[in-house]
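Notes follow once the structure below has been shown.
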Amino acid sequence: MRRWILLVLLVFAGVWGGWTMLQRHREAVWSESFAQASAAFARHDYAGSEKILISLLPDTEKRYPHDRRLANVVGKLGTSYRADRNYEQAEPNLKRALQLYESVSQTPSVELGKVELNLAQVYRDKNRLPEAEQHFSRALAIFDKDPGATGYDRGGALLNLGFVCFEQGRYTEAEPLLLRAVEAYEGYPPAAMHPDLAGAFFQLAELYRQQSRFSEAAGQYLKASAIQEKVLGPQSQPAIDSLEGLAMAYQGQGKPSEAKRLLARARQLSQNVSAPGGGADGGRLIELGLVAEDQRKYSEAESLYKQAIAAYEKSPGPAPANIAIALEDLGCLYRDQEQFNLAQAEPLFRRALAIREKLLGPDHPETALILSDLSLLYFFEHKFNEAEHLGRQALSIHEKAYGPEGLQVSIDLNRIGIADRDGGKLAEAEKALKRALSIREKQLAPQDSMIAVSLENLASIYLLQGKPDKAAPLIVRARTIRAHPAGG
C-alpha cells in the first residue's frame with residue numbers, strides 16, 4: 001500500500017514538475033516576444049512591432065485575460081499604431097488598454113499614464129483638441145503622483161498641454177505649461193539634448209512671437225535650433241522651422257537684413273526637404289514678403305504675397321489654414337500703403353476671415369486679428385461705427401487670449417480710440433487711448449515707435465477737447481521718440 005502511495009506521489013511530482021517547466025517555458029517565450037516587440041518599436045520599426053504584438057495577442061488573451069500583461073500588449077500595440085499614424089487602429093486599442101489597466105489595478109500607474117498620453121496624441125493629430133486636452137491632463141495628473149514617472153514623461157504631457165492651449169488661442173494658459181515642460185525635460189539628464197526639449201523651446205518661441213515678444217522668441221528659437229541641428233541635422237524640417245522662426249523674430253525686432261539672410265539659408269537647406277510649390281514654399285514666400293515690406297519694397301512684397309497665395313491654392317486638397325496669413329498680409333499691404341487701391345483690401349480680409357472662422361472658430365485670437373484689421377480698414381474708409389464695432393469684437397477675444405495688458409490688446413484699443421475720436425465720441429476715445437498707452441509703456445522700450453503713436457493719438461483728443469496744456473507734453477515726448485527711435 002505504501003508503495004502505491006509513494007508511486008502516486010512520484011507520478012504527481014513528475015507531472016507537476018513538467019507542467020511547471022512548461023509554464024516557465026511559455027512565460028519565457030512570452031517575455032522574449034514582448035521584448036522583441038518593444039525593441040522593434042524603439043528602433044522605429046513599427047510594422048515589425050505590430051506584427052509581433054498581433055501574433056502575441058491571442059495567446060495573451062487566452063492565458064492572461066485579467067492580467068497586466070494583456071494591458072501591456074494592447075497598450076503597446078495601440079502606441080505603435082499611433083507612432084505609425086494608423087489612427088483608426090490606434091484609438092480602439094488604446095481605449096481598450098485604458099479599460100484593462102483600470103480593471104487590474106485601482107491605483108493609476110505610469111503605464112496607464114503613457115496610454116492616456118498616446119490616446120491624447122491621437123486626438124491631437126486628428127484635431128480633436130478638447131478630447132486631447134482631457135487625456136493629456138489625466139496623463140499629467142498620473143505622472144505628477146507616481147514617483148516612477150520621469151521628467152521625460154511629465155515634460156511630454158506638459159508640452160502637449162501647452163501646445164493644445166496655444167492652438168486654441170489660450171496663450172496665458174500655454175506659457176506656464178511650456179515653461180514647466182522645459183523645467184521637467186532639463187531636470188531629466190537623458191533628455192538634455194532630446195528633440196522633445198527642442199520642441200518645448202520651439203513652442204515657447206512661437207508663443208512669444210505671437211505675443212510680439214520678439215527678443216524672448218529669438219532666444220528660444222536659438223536654443224531649439226542648437227539641439228535640432230546637432231541631433232537631427234541642419235537639413236531636418238524642425239531645424240529649418242526654427243531657423244525661419246528666428247528670422248521672423250529678428251524681423252519683429254527691426255532687423256530685416258538678418259532676417260533675409262536667415263530666410264535665404266533656410267530656403268537653401270530645405271531644397272532637399274520639400275517640393276517646390278508646396279506648403280513650406282508658401283510660408284517662406286510670406287516671410288520674404290514681410291522682409292520686403294519692412295524694407296519698403298512694396299511692389300516686391302505684393303508679388304511675394306501673391307505667389308504665396310498661388311502656391312497654397314495649387315496644394316492638393318483644401319487650401320491650408322496658412323493661406324489666410326498670406327491673404328491677411330496682402331490685405332494689410334493694400335490698406336496701409338498709398339500706392340495701392342484701398343478697395344482691394346476688404347475682399348482679402350473677408351476671405352481670410354471666412355477661413356479662420358471655419359477652421360479655428362469665431363472666438364479664436366487669430367480670427368480676431370482679421371476683425372481688428374477690418375476695423376482699421378473701415379476707419380480709413382470713414383466708417384467709424386463699423387470700425388468701432390469690429391474693434392470691440394476683437395478686443396473682447398484678445399483680452400481673454402493675451403490677458404488685459406497684452407500688446408495686441410493695446411492695438412485693438414488704439415483702433416477703437418481713433419474710430420471713436422473721428423466719430424465724435426471723445427470721452428470714450430480718451431479712455432481707450434489712455435489704456436492703450438499704459439499697456440505700451442509697460443510692455444515696450446521707452447523709445448518704441450508704438451508709444452509715439454499712442455502719445456500722438458491721445459494728444460489729438462486733448463486738442464479736440466480744448467486742452468492744449470495736456471496735449472503739449474505728449475507731443476514733445478512723441479517727437480523725442482521719433483527723433484531717436486529704439487534701434488535707430
Side-chain angles (χ1 to χ4, degrees), residues 41 44 75-76 78-87 90-91 93-95 97-98 101 108-146 148-188 190-192 194-210 220-221 223-224 227-228 231-232 237-238 241-242 245 321 360 364-365 401:
F41 179 86
H44 308 295
K76 179 65 75 175
T79 299
S80 186
Y81 281 137
R82 195 275 308 164
D84 209 13
R85 301 184 184 276
N86 184 348
Y87 301 126
E91 184 178 354
N93 277 283
L94 291 167
K95 282 183 172 180
L98 287 181
Y101 278 122
S109 63
V110 172
E111 290 83 2
L112 176 63
K114 289 180 178 179
V115 173
E116 292 277 14
L117 187 67
N118 276 277
L119 183 57
Q121 288 172 319
V122 170
Y123 293 141
R124 177 201 66 194
D125 293 351
K126 295 175 77 172
N127 204 36
R128 292 160 61 178
L129 297 184
E131 292 166 276
E133 182 176 1
Q134 183 181 33
H135 288 280
F136 282 134
S137 297
R138 288 179 185 171
L140 179 60
I142 292 169
F143 294 149
D144 279 342
K145 289 179 181 177
D146 194 321
T150 67
Y152 182 77
D153 296 326
R154 283 187 291 275
L158 287 161
L159 170 57
N160 280 286
L161 270 174
F163 172 80
V164 168
C165 288
F166 176 83
E167 287 296 298
Q168 293 177 314
R170 292 153 48 196
Y171 303 136
T172 55
E173 294 176 60
E175 183 175 4
L177 290 166
L178 294 170
L179 289 170
R180 285 177 62 196
V182 169
E183 183 181 6
Y185 283 132
E186 290 184 327
Y188 182 60
H194 197 281
D196 286 357
L197 173 59
F201 287 137
F202 178 82
Q203 198 59 52
L204 261 177
E206 293 283 282
L207 174 65
Y208 291 149
R209 182 158 67 95
Q210 184 72 29
Q220 298 298 324
Y221 282 128
K223 290 179 182 178
I227 295 174
Q228 290 160 343
V231 177
L232 303 175
Q237 192 59 54
D241 290 343
S242 290
L360 304 177
H364 195 283

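Residues Ala198 and Gln228 share a closest heavy-atom pair of CB-CG, 3.7 Å. Closest approach of Ala97 to Val115, counting heavy atoms only: CB-CG1, 4.0 Å. Residues Gln220 and Ala205 come closest through the heavy atom pair CB-CB, 3.6 Å. For Ala157 against Phe143, the heavy-atom pair with the smallest separation is CB-CD1, 4.2 Å. A pairwise comparison of heavy atoms in Gly113 and Ala139 identifies O-CB, 3.5 Å as the closest pair. Scanning all heavy atoms of the two residues, the minimum distance from Ala174 to Gly162 falls at CB-O, 3.5 Å.
Salt bridge Asp144/Arg180: present, at least one basic N to carboxylate O contact under 4.0 Å. The existence of a salt bridge linking Glu111 and Lys76 is excluded, since no basic side-chain nitrogen approaches an acidic carboxylate oxygen closer than 4.0 Å.
Between Phe166 and Tyr171, the ring centre distance stays below 6.0 Å. A centroid separation of 6.0 Å or more is found between the aromatic rings of His194 and Tyr185.
Side-chain atoms of Asp84 never come within 3.5 Å of backbone atoms of Asn86 as a donor-acceptor pair (strictly under, hydrogens ignored). Checked by atom type and distance alone, the side chain of Asn118 pairs as donor or acceptor with a backbone atom of Lys114 at under 3.5 Å.
Note: Asp125 CG to Arg82 CZ = 7.0 Å, rounded to the nearest 0.5 Å. Atom CD of Glu175 sits about 12.0 Å away from atom SG of Cys165, to the nearest 0.5 Å. Here the OG1-CG distance, from Thr79 to Asn93, works out to 9.5 Å after rounding to the nearest 0.5 Å. Leu161 CG to Phe136 CZ: the interatomic distance, rounded to the nearest 0.5 Å, is 7.0 Å. Annotation: the span from Tyr101 atom OH to Glu116 atom CD amounts to 11.5 Å, rounded to 0.5 Å. Atom CG of Leu98 is separated from atom CG of Leu119 by 6.0 Å, given to the nearest 0.5 angstrom.
Donor-acceptor pairing under 3.5 Å is lacking for the side chains of Tyr188 and Arg154. Side-chain contact, Glu91 with Tyr123: a donor N or O sits under 3.5 Å from an acceptor N or O.
Counting heavy atoms from C-beta outward, Phe202 and Lys223 have side chains that stay 4.5 Å or more apart. Under the 4.5 Å side-chain criterion, counting only non-hydrogen atoms from C-beta, Leu117 is not in contact with His135. Side-chain contact between Ile142 and Val110 is absent, with no heavy atoms from C-beta onward closer than 4.5 Å. Looking at Leu94 and Gln121, their side chains never come closer than 4.5 Å, going by heavy atoms from C-beta outward. No side-chain heavy atom of Arg124 sits less than 4.5 Å from a side-chain heavy atom of Glu131. Taking the side chain as every heavy atom from C-beta outward, Leu158 and Leu178 never approach each other to under 4.5 Å.
Within a 6.0 Å radius of NZ in Lys126, more than 12 heavy atoms belonging to other residues, nucleotides or ligands are found.
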I would like to know whether Glu133 and Arg170 meet salt bridge (charged side-chain N to carboxylate O under 4.0 Å, His left out); could you show each step before the answer? CA-CA 12 Å; Glu133 182 176 1; Arg170 292 153 48 196; 2.8 Å; yes
